[in-house]
Amino acid sequence: MEKVTAPTLIKMKQEGRKITVLTAYSYSMARLLDEAQIPVLLVGDSCGMVEAGSDSTLPVTVDEIIYHTRSVARACKSALVVADMPFMSYEVSAEEAVKNAGRLVKEGGAEAVKLEGGSKKSIEAIEAIVEAGIPVMGHLGLTPQSVLKLGGYKVQGRGDDAGTAMVEEARAVEAAGSFSVVLECVPEALAKRITEELTIPTIGIGAGISCDGQVLVINDILGLDATVRLPKFVKKYAELSEVILKAASDFKEDVESGIFPAKEHSY
Ligand code: KIV
């Protein structure tokens, strides 16, 4: 597979080819996903929840995203590596936004960054980062970094006024120079309208079938944590928690009963 770049995604939309995006946080997982020819790997700040056990993405730092991005970037031959800009890494000023986006590229090996929101601040940050030569993926709808303001993780853009406001935000994100935009937890009809209005691809998560692409969190589709209640929009493709639990307890049993290590595992 040819190396995927930010312009590749725009070309895929023009050609009507759907775009698959998965999150990745580690070298071992990214190596498999790149081998599976997933075109875009997102080092999401969801790592704070699914990998570090936080109850929101708010505590995630730029240094943590750099660490995960470096691991993912080392594994990727063809996938485009997009690093999330964590909470408070782009809101204070456009200058700080460029500095932090630059760190994700320089120190992490990211090939694009993603940031949330369609506010004036977010749009200024997108413009400044793109101006600095770094491709930006926008993120509208349910923006988890605004969970305190939104009052929870809920569908966004319901009703005419909220829908029109999101279309305006999407236009602004495109005009600011973004190469794509994530639409999270948005009514299907609104996501369709935005997808038809924009020339850049929309990547849906809980936003229906009409988006140009789809993104899900890798831990969710693999069923890595049976204790979490997954959102309605997730489709599980495996139950790896069962496989891992069995492997770990089989190992424990072998150690305790003296079966492991056998002759072939010893020098
Ligand atoms: O942090 C993340 O993983 C994300 C995706 C779910 C879009 O933002």
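Not measured: the values here are computed from a predicted model. Numbers here are sequence positions counted from 1. Just follow the structure's listing: the first ligand is 1, and inside any ligand the first atom is 1.
Looking only at heavy atoms of the protein, atom 8 (O) of ligand 1 is closest to Lys114 NZ, 3.0 Å. For atom 6 (C) of ligand 1, the closest non-hydrogen atom of the protein is Ile205 CD1, 3.6 Å. Regarding atom 7 (C) of ligand 1, its nearest protein heavy-atom neighbour is Leu42 CD2, 3.8 Å. Closest to atom 2 (C) of ligand 1, if we only count protein heavy atoms, is Ser46 OG, 3.3 Å.
Shown in contact with Asp84 at under 4.0 Å from a heavy atom are these atoms of ligand 1, numbered in order with element: 1 (O), 2 (C), 8 (O). Here is the list of ligand 1 atoms found below 4.0 Å of a heavy atom in Gly44: 1 (O), 2 (C), 3 (O). Set against the non-hydrogen atoms of Asp45, the atoms of ligand 1 under 4.0 Å away are 1 (O). Contact atoms of ligand 1 toward Thr23: 3 (O) (distance under 4.0 Å to a heavy atom of the residue).
In summary, of the residues considered (Lys18, Arg17, Lys13), a salt bridge (charged side-chain N to carboxylate O under 4.0 Å, His left out) with Glu15 occurs for Arg17 alone. Shown are Leu104, Val81, Asp84; of these, the side chain to side chain contact (heavy atoms under 4.5 Å, CB included) with Val43 is made only by Val81. Exactly one residue among Asp34, Ile218, Asn219, Leu41 makes a side chain to side chain contact (heavy atoms under 4.5 Å, CB included) with Met29. That residue is Ile218.
In this structure, Gln214 contributes its side chain and Leu22 its backbone to no donor-acceptor pair below 3.5 Å. Between the Ser122 side chain and the Glu116 main chain, a donor and an acceptor come within less than 3.5 Å of each other.
Lys99 meets the salt bridge (Lys or Arg N to Asp or Glu O under 4.0 Å) test with no other residue; sequence neighbours excluded. Under the side-chain hydrogen bond (donor to acceptor under 3.5 Å, both in side chains) criterion, Glu96 pairs with no residue, sequence neighbours left out.
At least one heavy atom of His139 sits closer than 4.0 Å to an atom of ligand 1.
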